[in-house]
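Written below as structure tokens is the structure these notes are about.
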Amino acid sequence: MSELKEQLKSQIIEQLNLEDLTPADIKNDSPLFGDEGLGLDSIDALEFIVLLDSFYGIKIEDPAAAREIFHSVDSMADFIESKK
Amino acid sequence: MYYIHKIASITHQDSFNQTDVNDSLVEITEDAVLISPDYKKYILPASLRRLSPILRMAVAAAKECQEAITIPFEAISVGTALGCLTDTEKFLNVINTVEGEILSPTAFIQSTHNTISGLISLELKNHSYNMTHTQNNLSLEMALIDSMLCCDEGKDFVLLGVADEAIDFLNKLKPIVLPENSIVTSGTTFFALSKKKSKSEIGFKACRSIIKAKDIEVDIDLFLRELKIEINEIDRIYTNQNSLDYPKEMVVNYEAYSGLYFTANAFGVHLAHDWLIKEAKKYALIVNSGCNNSLGLILLKNDKA
Amino acid sequence: MDIFITGYGVISAIGKNVEENFSSLIQEKTAIKQGLKSFTSKFKVGEIGLSNDALKVEFDLKTDGSRTALLGMVAAKEAFKNHSHFEALRTGLISGTSVGGMDISEVEYRNEMAGEKPNYKKYFHHPSGTTSEQIALELGITGFVNTISTACSSAANAIMMGARLIQSGQLDRVVVGGTDCLTQFTIYGFRSLMIFDDEWCKPFDNSRKGLNLGEGAGFLVLESKKSLEITGKEVLAKLSGWSNASDAYHQTASSPDGDGAILSMKQALKQARLEPHEINYVNAHGTATPNNDLSESKAFINVFNGKVPPFSSTKSYTGHTLAASGGIESVFAILSIQNSMLFPNLNHTTPIEETGLIPIKNIQKNSEVTHVLSNSFGFGGNNSTLIFSKI
């Protein structure tokens, strides 16, 4: 699971062009969206959907329903595990 | 008169925030690169990470203009000939290579021409009039005509700007669509404009766009005659044409310094503006001639001279 | 100064001229259906069932161009028919487009990627500005030519720009509007944003899922009083108000309360010297995306102080024709005034929970229509409003 989370962080940095960040800068449980987190927005949420599809083969049809999944690295990893 | 309160250019010359852009000019070569400022000074990392070169340079130049006048612009008018080519090509690659239905949206979002002006309004938190003109090599003229209208309608300060970016693909279009020996480059120039006098007292006196010019010299004469100005009152002509029938010492080819992009005449305006200040001269004419016989004429005037 | 409208032309999925469009509107007949092209076949779209060659033949087009340019020529020619060229009149053309010649470029680009021998000449058609030059050439307009590209508000902004140039005395007469054809680029683009409805779009419905794309063009002829004295044309309606404001909220999304939309509508009303209650019909932007329709509804409630006039989104007939939509919907606004009719918003069953607003659901005949407000909102927070008035 922790391996998956580290891998996810690298993929997030790559997919969203977060050039200035390293995986160590992203905490497992801190929110990815909004000002208190990484400050990601709705375009990034769509990029997460692309990420889940291209790296994990998981398809999400409704972007609105995906908000909870993309709350943090923890919640994303849980979701990916649940789909395995 | 529509006075220039600030000009900011990012080009293949060392032009950003120079007192006189003419000081450090070098003739453009194939290996010239865009000379960019540190964009982190202008754009937050959260926004910067997505932005293509055209968006970065336009936002930085626009912000320099905003900083110079401090009060918010009451209109934003942007011209671009070919728009956001990097993202357009990126998305063309996405749709032709990615299988399945889930596609990365960022390049598409940033591929429309008005991404530039929209992003500027967002970065400046500006809710005013916002327009994007795209008329091939007359895009500056169109955005300028709109800016002048905005001033005439009572808007205090107007942000006028142009931006175009080169992608490698454009080189493939030589010599069929683009001139064979041209050096394709990127560039942006933004102006803070107002009917209020600026410190330099230099401004746009008039602008004319002609879709099908018959004879450049004749059209210049007509343009000047309407303004009741004689050709011998013009101190310098900045142009992208080599064959104009005027004394050599009064003609400067701006494209030799900017390279080829279809809004590079704005850099010609910048060169002319700084030269008028330094030499305390009165009139400079920017003659922008397109391959499809279109012609743009812009007259700059120095009230102090 | 009054801006007179003396010509209109439209081509969309619901008809290839004004008359056919009007007839479909009255019959409450949508033309949105499963696409016919390789890149539209998976989606419901408002496609025009004529190939480029068929367009050239049927409308006797002499100028070559992208599909965007050809559609523009059809609508602009209809608007400009029976108009003559006068030495004394400065006549211009301002067209809005978001895709320009992308329909040609995307095919060339794909072919080259697939290893075919490229034909770079085809890229001559690519620039949006070229699209307008080709339309102007077809109409014989050689004066002022300009192109506006502000995504989905392009045509509305082109109309506004034309009105301002007449008002300032720089032009006497101007053909204004917009055109966009369906391209793989835009279809896949909006797909990537996940804002398509796989079924028929349901503007202002609580269960709306997203938009259907469409293609088409809509153009008007605007004239000054001086121009009218020379052309002697019959006036169809007046353009009495316009405004453009920025949402400055997000690259794609509208602000939750519709700040830019409120500004745009309020400024247009002010310019037309009208009170909100004087508006008889609102042709909404109404794309049927969850975000736009909620934001626009909230803006209506704000601008009209809770008493929202009859409104509808005719995108349920034509699909969202992007840069052309403001032009096409301006023609519909004028038809509403001319015929005293309000056009319905198809596919509506349940009002949006947060606002409770119910659009016009059936054709309303014998309605007094003096002033129509038309909204066009673009990507990047570019909000525009036009107001049309009875002469």
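Note that the coordinates shown come from a computational prediction; the quantities given were computed from them, not determined experimentally. Every chain is numbered from 1 and lettered A, B, ... according to where its sequence line falls, protein lines coming before strand lines.
- Looking at A:L51, there are no atoms closer than 4.5 Å to chain B (heavy atoms on both sides), in backbone or side chain.
- At distances below 3.5 Å, not a single donor-acceptor pair connects side-chain atoms of B:S9 with backbone N or O atoms of B:F267.
- In this structure, chain A has a heavy atom under 4.5 Å from the backbone of B:L103, while its side chain stays farther away.
- Checked against a 6.0 Å centroid threshold, the rings of B:F157 and B:F73 do not count as neighbours.
- Chain B forms the most heavy-atom pairs under 4.5 Å with one residue out of A:L46, A:D44, A:I49, A:L38, and that residue is A:D44.
- The main-chain N or O of B:Q13 is found under 3.5 Å from a side-chain atom of B:T11 such that the two form a donor-acceptor pair.
- A donor-acceptor contact shorter than 3.5 Å links the side chain of B:D274 to the backbone of B:V21.
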